[in-house]
Trainee: 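I am attaching a structure below and will ask some questions about it afterwards.
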Amino acid sequence: MSVKITDYNSPNTPTWCPGCGNYAIHASLKKTLSELNISPSELFMSFDIGCNGNGADMINTYAFKGLHGRSIPLAVGAHLANRRMTTIADIGDGGCFHEGLDHLVHAIRSNYNITILIHNNANFALTTGQATVSTPKRKPMYGLPEGIPERNLDVPEFILSLDPSFYARAYSGNLIQMGEIFKSAIENKGCSVVEILQLCPSYNKEFTPQWANENIKEIKEVENYNADSLENARDIVVNNSPLYTGIIYRNKNLPTFYDSLDSRKNSLTELVDEVKVHDIKKLLKYFE
Amino acid sequence: MQTQRVSVKFTGASGEGINTIGVLLLRALKKHGLRVFGYREYPSLIKGGVASYQVDFSSKELNSSSRYCNILLAFTSRSLNEYLKDVKENGIIVYDQKDINLTEEQRLYIEKRNISSVFLDSESIALETGGIKIMSNVVMLGFLWRILGLKVETLIEVVLKHFKNKNVDLKAEENCIRAGYTSATFRPEYAKKINTPQKEILSNNNGYVMTGNNAIALGAISAGVRAYYAYPMTPATSIFEYMGENAKETGILVKQAENEITAVQMAMGSMYMGTRALVATSGGGFDLMSETISCAGMSETPLVVILSQRGGASTGLPTWTGASDLNLALKAGHGEFPRAVIATSDAQTAYTLIQKALNIAETYQLPVILLMEKQISESVFNFKKMPRVEKIERGLVEKAEDITQRYQITDTGISPRWIPSKEKKPYLANSDEHSENGSSIEDSEGTIAMANKRLRKLETLAKDLPEPTLYGDRNPDLVFVGWGSVKNAVLDAISSFTKINEIDKNNKINKNNGKVGYLHYEYIHPLKTKILEQLIEQNKRLVLVENNQTGQLGNYIKENIGYEFNEKLLKYDGRPFFVEDILDFLKN
């Protein structure tokens, strides 16, 4: 039986602002999942706290709305327990690059077979507009009328410095490309990082669809772009004019964390299948 | 008079095999048929400093140390100075460094107390025998074994078994043990000073020797823990070591996480998904985990965290013991939610209680904090039989008609929980306040209904938990009340005190202290108070014993039933209760 997009619909009414990028992100994700024929019972999503996290109520699946900054390790724990489940960690730029930056670094380094969706709207929106590493310098923000005094974090350069298995940049106003990126990210065996440039009409008013149309280009417009080259990827993200969206980089040669574990090499089951009394007689010999 | 207990202490620079030699002695004594207990002290550094390993042995079960030793074997001058005053009258000091020079004061001290001071040139003996310098350790061990008057073959067997798979010249090891054993330095008067106890029974097998951390790992493996998420912190770290070293055998997924926050989040994710996962840490690491404890409470996700305590606040005394994190276990995490707090006291209870903790966490869908202490985690306990394997209880629903709403309001407070799978209905686990189907809510009525449902689980759990155990005299005059490792010193003291009481004809002992009991709390939260309240009603003399500064269990009891302990025996110097701490209290 094929999975329908409506299978993912939850009974709850969205609470996002009119024009919020989350509507498109959710629609695109649900569409992709149904096209991949992944049913709501074959998916696990962890959610951060923030506007993206409020999406936990908007999708019918095995989901866990956890703590701010922690959606990545929560997803990793779930993934390692049962790899039959497709696993997605959903997080905002505040949670990802502030509260839980360490988790992103180590998830990429460990290369768990999960997908990380970073909703980058360049601010902490649910707490009404505080600055993040992506907020333009000197832009007045909540509590900081002069804007942030320090430098931004260059997200693509930072992620590429970790040599990820998969890094793509999407734009919430481009549903079709976003869906294609989600599909590739989910299908990629390894840690797939998708940064979504997300419209936030309430607190990032400068980032309008008009601005996006003028400044964002799809990577396919770059002739002979080779996403297998880290050098190419770095070159393309260094100059942000235009901003390229699409699969920026993939490293197909990285083994996943789980496949690298000696203790799990020959096991045909998942950890969730193995909860029973285990005989420790052999181990006890040492203590006799 | 037959000596009840003999104590032997090795001391030297840390990082030079003091722990290994202590464990070898302990294993050999057990092999011989004695009951043993091993206690280590060491500084928080890798090389240098003073470390010690004390083995107490007896013909009867014992689970604590004496503050003093009958024989001190010192490998450095500094360590000899450090522990000289712990040697009992008529004891023996053996040292093996030519440059150890006792001060005049130390000489007088030794003479006055009739302590024999023996120089054994173990390094020369090792080299002459064809061994290498480090084998001076087993020369000392052989010499000690001669003083104890035991068969050298038993010691050789244990030592060779230990070094079997290591890159060591086994023949040279054996020769060095024999050379120490037959050394001309030995005098029969040394042996006369030490009354090595008789074997317990006519058996050469006295069960198992293991640390509390070994035992808790074994219990977890037995109970079907399939993922262990680690971040190093003394004294919990050796659980990670054991899990990692045996991962190929057990198939357990062992992951060293980037920090404690990650480790516990991973554990919660794995538990949500339906396997059994575990984390262990000490106070500082537990602080970082506390947001997740709250999240597990709210989302009703089973979670077990082992909290092995050490001395002091903040970094405190990293390699020393204490029991000052009960408040932390009871109160950590924001908001109000149900939890269980359970305390181990030795290796056997660690083995059993980890299994119970996992069952409670899954059945009642709440976080369980399982307390240990450095004294439990790293001391070596000796016991006859492994406790029985607990049946795995998970409280899962399987039938389609039972799979209703994940947070369904029920009388017991326990809602249906099922393992996520393709065939079953998906649900949202929510750290926001939520309705029965998991959707976020903010309304007053729904909030109260769900908050009440969650706390009802605590009442249900309290009904299912046992009362604390009353040990010792059935009709005691004095009852100690405690938790954790204090049980070991108190019970060892009660057993030897009862004997002293029987033979003491000089009426030195306060008659009121004649019959002693001990009320031991294993399940601390939710608190069971029936037996305690009976003892209060009967006007028993109650003495709170805790390895902390403020009497945290006592305060928690007061918070619950208003009773205040008049007498408190508290110790917070990083050391465990020694058997004399309790005996001295009883004699005064």
Side-chain angles (χ1 to χ4, degrees), chain A residues 10-12 39-44 46 49 53-54 56-57 59-67 69-70 72-82 84-85 100 102-103 105-106 110 257-258 261-264 266-267 270-280 282-284 286-288, chain B residues 205 207-210 214 218 221-224 226-227 229 246-255 257-259 261-263 265-277 291-292 295 299 301 386 389 391-392 394 419-432 437 439-440:
Chain A
S10 92
N12 302 313
S39 77
S41 292
E42 294 170 292
L43 173 72
F44 173 75
S46 67
I49 301 304
N54 284 353
D57 281 295
I59 183 165
N60 172 47
T61 189
Y62 286 113
F64 198 136
K65 186 178 182 185
L67 297 175
R70 313 291 172 224
I72 294 172
L74 183 63
V76 171
H79 157 68
L80 295 176
N82 186 357
R84 291 185 294 260
M85 292 274 181
D102 44 352
H103 307 308
V105 173
H106 288 274
S110 303
F257 173 82
Y258 202 104
L261 288 175
D262 283 347
S263 69
R264 300 297 303 169
N266 301 316
S267 74
E270 295 296 312
L271 301 181
V272 289
D273 308 322
E274 299 166 7
V275 178
K276 60 177 173 61
V277 171
H278 287 250
D279 190 356
I280 57 165
K282 212 171 144 189
L283 294 171
L284 279 177
Y286 175 79
F287 302 102
E288 281 171 2
Chain B
N205 183 13
Y208 299 95
V209 281
M210 65 177 75
N214 291 147
L218 287 167
I221 294 165
S222 169
R226 304 306 293 154
Y229 300 112
N246 292 287
K248 272 192 199 164
E249 168 71 24
T250 61
I252 289 176
L253 185 149
V254 179
K255 160 73 189 168
E258 59 265 27
N259 51 40
I261 294 171
T262 308
Q265 281 282 326
M266 285 177 173
M268 188 170 69
S270 290
M271 293 289 265
Y272 166 89
M273 202 49 96
T275 192
R276 284 186 156 186
E291 60 169 7
T292 304
C295 183
S299 63
T301 311
M386 289 306 288
V389 173
K391 195 170 153 252
I392 291 179
R394 310 193 67 191
I419 291 178
S421 74
K422 193 179 173 179
E423 297 73 29
K424 297 195 173 84
K425 187 170 92 171
Y427 68 86
L428 168 63
N430 205 338
S431 72
D432 275 29
N437 74 10
S439 299
S440 305

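Chain letters run A, B, ... following the sequence lines, proteins first, then strands; residues in each count from 1.
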Trainee: Using a 4.5 Å cut-off on heavy atoms from C-beta on, say whether the side chain of A:His106 contacts that of B:Thr262.
Mentor: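 No. Closest side-chain heavy atoms not under 4.5 Å.
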Trainee: Which value, rounded to the nearest 0.5 Å, describes the distance between A:Asn82 atom CG and B:Ser421 atom OG?
Mentor: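 One gets 8.5 Å once the value is rounded to the nearest 0.5 Å.
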Trainee: Can you tell if the side chain of B:Leu253 reaches within under 4.5 Å of the side chain of A:Tyr258, non-hydrogen atoms only?
Mentor: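 In contact.
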Trainee: What part of B:Thr301 gets within 4.5 angstrom of chain A, counting heavy atoms only: side chain, backbone, both, or neither?
Mentor: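 The answer is the side chain of B:Thr301.
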Trainee: With side chains defined as the heavy atoms from C-beta onward, is the minimum distance between B:Met273 and A:Leu271 less than 4.5 Å?
Mentor: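 No, too far: nothing below the 4.5 Å cut-off.
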Trainee: Would you name the heavy atoms of B:Ala247 and A:Ser263 that are closest together and state the gap between them?
Mentor: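 Taking every non-hydrogen atom into account, O-CB, 3.4 Å.
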Trainee: Checking the side chain of B:Ser431 only, and the main-chain atoms of A:Lys65 only, is there a donor and an acceptor separated by less than 3.5 Å?
Mentor: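 Flag set: sc B:Ser431 to bb A:Lys65 pair under 3.5 Å.
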Trainee: Taking every heavy-atom pair that is under 4.5 Å apart, which of A:Arg84, A:Met85, A:His79 has the most such pairs with chain B?
Mentor: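 Most heavy-atom pairs under 4.5 Å with chain B: A:Met85.
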Trainee: Quick one: what part of B:Ala223 sits under 4.5 Å from any heavy atom of chain A, side chain, backbone, both or neither?
Mentor: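 The answer is the backbone of B:Ala223.
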Trainee: Of all of A:Ile59, A:Ile72, A:Leu67, A:Val76, which one pairs up most often with chain B through heavy atoms under 4.5 Å apart?
Mentor: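 The answer is A:Leu67.
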Trainee: A:Val277 versus B:Ile392: any side-chain heavy-atom pair under 4.5 Å?
Mentor: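 Yes, at least one pair of side-chain atoms sits under 4.5 Å.
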Trainee: Could you tell me which of B:Lys391, B:Met271, B:Arg394, B:Met386 has the largest number of non-hydrogen atom pairs under 4.5 Å with chain A?
Mentor: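 Max contact count across the listed options: B:Arg394.
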Trainee: Taking side chain as C-beta onward, heavy atoms only, is B:Arg226 less than 4.5 Å from A:Arg264?
Mentor: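 Result yes, sub-4.5 Å side-chain heavy-atom pair found.
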Trainee: Hey, what do you get for CG (A:Leu74) to OG1 (B:Thr292), rounding to the nearest 0.5 Å?
Mentor: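 Answer for the CG-OG1 pair, A:Leu74 versus B:Thr292, is 8.5 Å.
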Trainee: Indicate yes or no: at least one non-hydrogen side-chain atom of A:Arg70 is less than 4.5 angstrom from one of B:Glu291.
Mentor: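 They are in contact (side-chain heavy atoms under 4.5 Å apart), so the answer is yes.
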Trainee: Check whether B:Val389 gets within reach of chain A through its side chain, its backbone, both or neither, counting any heavy atom under 4.5 Å.
Mentor: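 The side chain, not the backbone.
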Trainee: Which atoms of A:Ile280 come close to chain B, meaning under 4.5 Å heavy atom to heavy atom: side chain ones, backbone ones, both, or neither?
Mentor: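 Contact with chain B: side chain only.
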Trainee: What option among A:Ser267, A:Ser39, A:Gly69, A:Ala56 has the most heavy-atom pairs under 4.5 Å with chain B?
Mentor: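 Option with the greatest count: A:Ala56.
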Trainee: So which residue, A:Leu43, A:Asp273, A:Asp57, A:Leu261, ends up with the most heavy-atom pairs under 4.5 Å with chain B?
Mentor: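 The residue among A:Leu43, A:Asp273, A:Asp57, A:Leu261 with the greatest pair count is A:Asp57.
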Trainee: Minimum heavy-atom separation for A:Phe257 and B:Lys255, please, with both atom names.
Mentor: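 Shortest heavy-atom contact: CZ-CD, 3.5 Å.
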Trainee: Working to the nearest 0.5 Å, report the span between CG of B:Asn430 and CZ of A:Phe64.
Mentor: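 B:Asn430 atom CG to A:Phe64 atom CZ measures 8.5 Å (nearest 0.5 Å).
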Trainee: Please confirm whether the backbone N or O of B:Lys425 pairs with a side-chain atom of A:Ser41, one donor and one acceptor, at under 3.5 Å?
Mentor: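 A pair under 3.5 Å: no.
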Trainee: If you count heavy-atom pairs under 4.5 Å with chain A, which of B:Ile261, B:Ile252, B:Val254 comes out on top?
Mentor: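 Result: the option with the highest number of such pairs is B:Ile261.
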Trainee: Side-chain contact test, heavy atoms from C-beta onward, threshold under 4.5 Å: evaluate it for A:Tyr286 versus B:Asn246 and give yes or no.
Mentor: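 SC-SC contact between A:Tyr286 and B:Asn246 ruled out.
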Trainee: Among B:Asn259, B:Ile419, B:Thr250, which residue forms the greatest number of heavy-atom pairs with chain A at distances under 4.5 Å?
Mentor: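 That would be B:Asn259.
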Trainee: Side chain from CB out, backbone as N, CA, C, O: work out which of these in B:Ser299 comes under 4.5 Å of a heavy atom of chain A, or both, or neither.
Mentor: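 For B:Ser299, the side chain is the part near chain A, not the backbone.
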Trainee: Measure distances from B:Tyr272 to the heavy atoms of chain A and classify the residue's part below 4.5 Å as side chain, backbone, both or neither.
Mentor: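 Contact with chain A involves the side chain of B:Tyr272 alone.
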Trainee: Check whether A:Ile49 gets within reach of chain B through its side chain, its backbone, both or neither, counting any heavy atom under 4.5 Å.
Mentor: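 Just the side chain, heavy atoms under 4.5 Å.
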Trainee: Quick one: does A:Glu270's side chain get under 4.5 Å of B:Thr275's, heavy atoms only?
Mentor: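 No. Closest side-chain heavy atoms not under 4.5 Å.
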Trainee: Do you know which two heavy atoms are closest between B:Ser270 and A:Gly77, and how far apart they sit?
Mentor: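 Nearest heavy atoms, B:Ser270 then A:Gly77: OG-O, 2.6 Å.
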Trainee: Given a strict heavy-atom distance threshold of 4.5 Å, which part of A:Ser110 is in contact with chain B: side chain, backbone, both, or neither?
Mentor: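 Just its side chain gets close to chain B.
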Trainee: Looking only at non-hydrogen atoms, find the nearest pair between B:Met210 and A:Phe287 and report the distance.
Mentor: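 Taking every non-hydrogen atom into account, CB-CD2, 3.5 Å.
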Trainee: Please find the pair of heavy atoms, one from A:Val275 and one from B:Gly274, that lie closest to each other, and give the distance.
Mentor: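 In terms of heavy atoms, the two residues are closest at CG2-O, 4.0 Å.
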Trainee: Answer with side chain, backbone, both or neither: which region of A:Asp102 has an atom nearer than 4.5 Å to a non-hydrogen atom of chain B?
Mentor: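 Both parts, backbone and side chain.
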